[in-house]
Amino acid sequence: MNKQIDLFKQLSMPFAADDIKWRIQQSGLKNGNVWAMAIPYITNRAIQNRLDEVFGPMGWKNEQKQIEGGWLCGISVYCKNLGEWVTKWDGAENTKKRNNDDMDIIKGGLSSSMKRAAVLWGIGRYIYNLKSCFVDCFQNNQGKNRGSGTDKKTNQRFYYSWNEPQLPDWVLPEKKQADQELVQKNNVYPDKNQWRHDQEKQQKEAQRQKYRDNIRKMLDDKGYSHEQFCQDWKLKGMEHIHLYNGQQMIDWINQIPAPAPAPAPEQQTAEPVDVVVLKVINPKEVNDIRSALKFVGLSEADFCKKARIERIGQLTQDRYDDAIDWLFGLATKGKEVEVEGEVVVTPTKAGRVTTGQIRALRDGFKKANVSMYQFCTAMGIRQIEDLKASQLSAGQEWVNKKYRQYKASLPPAVIRERPAAKSVIDRHPDRR
């Protein structure tokens with residue numbers, strides 16, 4: 001019995017990393033990037049070497065039979081105690097045809113059937129505890145292995161290269177003796193799921209580092225400081241760049257105007273000239289303008305044409321407020337305002353109402369059961385402080401009208417009659 005246990009230990013020992021190969025199980029495209037998942041397997045030559053090491057070249061044999069759609073393989077070992085050969089059988093289907101090679105179909109079926117029969121003897125059985133994992137894919141042939149797939153949406157063929165993932169420690173022969181005894185005793189492989197998590201973590205960190213390096217290079221090419229970039233994106237440092245907004249950052253950097261080329265030596269003036277570098281708007285302000293354009297039904301191309309820029313990200317901070325006012329005018333009045341030079345401007349602002357008049361209007365909102373937003377929309381202003389003195393009488397009349405409508409909608413028992421209460425606003429016309 002002890003001899004049989006020793007033989008099983010020798011058969012089920014982990015293989016070297018060179019004897020473990022990987023093949024792609026699934027692959028596809030997501031947002032234009034290739035992804036693939038691979039699973040490990042033991043080579044057929046490694047199985048043959050293991051049987052030679054344990055039983056000797058003359059102490060084992062295999063037999064293979066063809067069946068419909070595949071092959072059966074039986075691995076036999078001579079048992080001295082019984083004085084006879086002990087055989088264990090398993091089978092596998094033929095592999096898919098590749099490169100119009102009929103021999104490849106037979107070869108794959110023979111190899112797979114022997115691998116499955118070897119698992120019955122404990123050879124490479126621990127490999128089944130290794131789950132499939134994502135691998136690093138490249139579209140520029142940087143990886144060691146080649147692969148291909150078909151895009152399910154477009155039904156087009158795509159090609160890529162990939163690298164094999166790193167194996168965990170418990171798979172390799174250098175595993176600690178204490179863990180080996182635990183594996184043989186309880187048939188449990190410690191931290192078998194932690195390996196997959198570590199692989200995914202390493203791949204994400206490598207992708208994050210790729211984004212960081214690319215963003216640093218792009219900022220240097222644009223002449224934009226890293227500190228200013230972190231301030232615009234509210235980052236503590238470049239190391240805090242994440243995957244979910246990495247591509248958005250790259251698109252934003254592409255909108256930064258390229259630095260002007262240095263003048264030739266003969267064109268340089270004797271005295272230095274102070275150059276004022278205008279700061280472009282940040283990503284939040286870009287999104288605000290895009291939301292406003294969507295609301296008024298204006299395309300980005302038309303807006304950029306009006307503002308004399310190529311992209312929204314090239315709009316400078318000194319022109320942002322004027323652009324927002326212009327878009328708000330389109331939303332409320334439905335007509336454009338004048339464009340002056342390279343800056344979108346709004347008409348000259350007239351005198352504003354006093355604080356007391358604004359307070360009286362707000363009191364009227366409450367009694368007329370209307371919101372300040374409704375009032376500003378009706379008057380074509382962004383906020384109540386933008387109300388002009390020439391619009392005051394029209395605004396008071398609008399509030400009084402809403403008050404009369406609200407009062408008429410109430411039941412008679414709810415209304416408390418007040419003497420000479422003709423309007424809400426006229427009782428305090430000079431309120432300050």
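Just so it is clear, the structure is predicted and the values come from calculations on it, not from any experiment.
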For the side chain of Ser111 and the backbone of Lys107, is there at least one donor-acceptor N/O pair under 3.5 Å apart?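 Pair absent, no side-chain N/O of Ser111 close to backbone of Lys107.
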Just by distance, do the side chain of Gln228 and the backbone of Ser225 share a donor-acceptor pair under 3.5 Å?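 Checking the backbone N and O of Ser225 against the side chain of Gln228, no donor-acceptor pair under 3.5 Å is found.
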Pair Ser148, Arg157 - check side chain to side chain donor-acceptor pair (under 3.5 Å), show working. CA-CA 7 Å; Ser148 62; Arg157 199 73 176 169; 3.1 Å; yes
Quick one: do Ile309 and Arg319 satisfy side-chain contact (heavy atoms from CB on, under 4.5 Å)? Show the steps, please. CA-CA 11 Å; Ile309 55 178; Arg319 301 169 60 190; 3.9 Å; yes
Determine whether [X] and [Y] make a side-chain contact, defined as any pair of heavy atoms from C-beta on separated by less than 4.5 Å.
X      : Y      : answer
Arg208 : Ile241 : no
Leu361 : Leu392 : yes
Phe138 : Trp162 : no
Asn214 : Ile250 : yes
Leu130 : Leu167 : yes
Ser113 : Asp90  : no
Phe365 : Ser371 : no

Qualifying residue, where the test is side-chain contact (heavy atoms from CB on, under 4.5 Å) with Met37 and the options are Ser132, Cys133, Ser27: Ser132
For a quick test of your reading: what N or O donor-acceptor pairs under 3.5 Å do the side chains of residues 286-299 make, sequence neighbours left out?
unit_1 : atom_1 : unit_2 : atom_2 : d
Asn287 : ND2    : Pro283 : O      : 3.3
Asp288 : OD2    : Lys284 : NZ     : 3.4
Asp288 : OD2    : Tyr320 : OH     : 3.4
Arg290 : NE     : Glu300 : OE2    : 3.3
Ser291 : OG     : Asn287 : O      : 2.9
Ser299 : OG     : Asp302 : N      : 3.3
Ser299 : OG     : Asp302 : OD2    : 3.0

Would Arg146 and Ser161 count as a side chain to side chain donor-acceptor pair (under 3.5 Å) here? Give the steps. CA-CA 4 Å; Arg146 301 291 182 269; Ser161 61; 4.5 Å; no
Which of these passes salt bridge (Lys or Arg N to Asp or Glu O under 4.0 Å) with Lys217: Asp213, Asp221, Asp220?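 Result for salt bridge (Lys or Arg N to Asp or Glu O under 4.0 Å) with Lys217: Asp221.
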Working note: Asn155 + Thr150, criterion side-chain contact (heavy atoms from CB on, under 4.5 Å); need CA distance, chi angles, decisive distance, verdict. CA-CA 6 Å; Asn155 201 23; Thr150 303; 3.5 Å; yes
Residues passing the side-chain contact (heavy atoms from CB on, under 4.5 Å) test with Asn33, sequence neighbours excluded, are none
For Gln66, the side-chain contact (heavy atoms from CB on, under 4.5 Å) test, sequence neighbours excluded, returns Trp71
Between Lys222 and Ile253, is the side-chain contact (heavy atoms from CB on, under 4.5 Å) condition met? List the steps. CA-CA 8 Å; Lys222 295 284 187 178; Ile253 295 174; 4.2 Å; yes
Step-by-step side-chain contact (heavy atoms from CB on, under 4.5 Å) determination, Lys306 to Trp326: CA-CA 11 Å; Lys306 290 283 187 183; Trp326 180 68; 3.9 Å; yes
Inspect the surroundings of CZ in Arg23 and state if more than 12 heavy atoms from other residues, nucleotides or ligands are less than 6.0 Å away. no
Quick check on Glu310: does its CD atom have over 12 non-hydrogen neighbours (other residues, nucleotides or ligands) under 6.0 Å away? no
Side-chain donor-acceptor pairs of residues 115-124 under 3.5 Å, sequence neighbours excluded:
unit_1 : atom_1 : unit_2 : atom_2 : d
Arg116 : NH1    : Gly91  : O      : 3.2
Trp121 : NE1    : Ile75  : O      : 3.2

Parallel, tilted or perpendicular for Trp252 and Trp233, by the 30°/60° rule? perpendicular
Considering only distance and modelled atom types, tabulate donor-acceptor pairs under 3.5 Å from the side chains of residues 45-53, sequence neighbours left out.
unit_1 : atom_1 : unit_2 : atom_2 : d
Asn49  : ND2    : Arg45  : O      : 3.2
Arg50  : NH1    : Gln10  : O      : 3.3
Arg50  : NH1    : Leu11  : O      : 2.9
Arg50  : NH1    : Met13  : O      : 2.9
Arg50  : NH2    : Met13  : O      : 3.4
Asp52  : OD1    : Trp60  : NE1    : 2.7

State which residues pass ring-ring contact (aromatic ring centres under 6.0 Å, His included) with Trp85; sequence neighbours excluded, sorted by chain then number. Tyr78
Closest non-hydrogen atom pair between Leu29 and Trp35, with its separation: N-NE1, 3.6 Å
Phe375 vs Trp398, test: ring pair (Phe, Tyr, Trp, His ring centres under 6.0 Å). Steps then yes/no. CA-CA 8 Å; Phe375 176 79; Trp398 184 86; 5.7 Å; yes
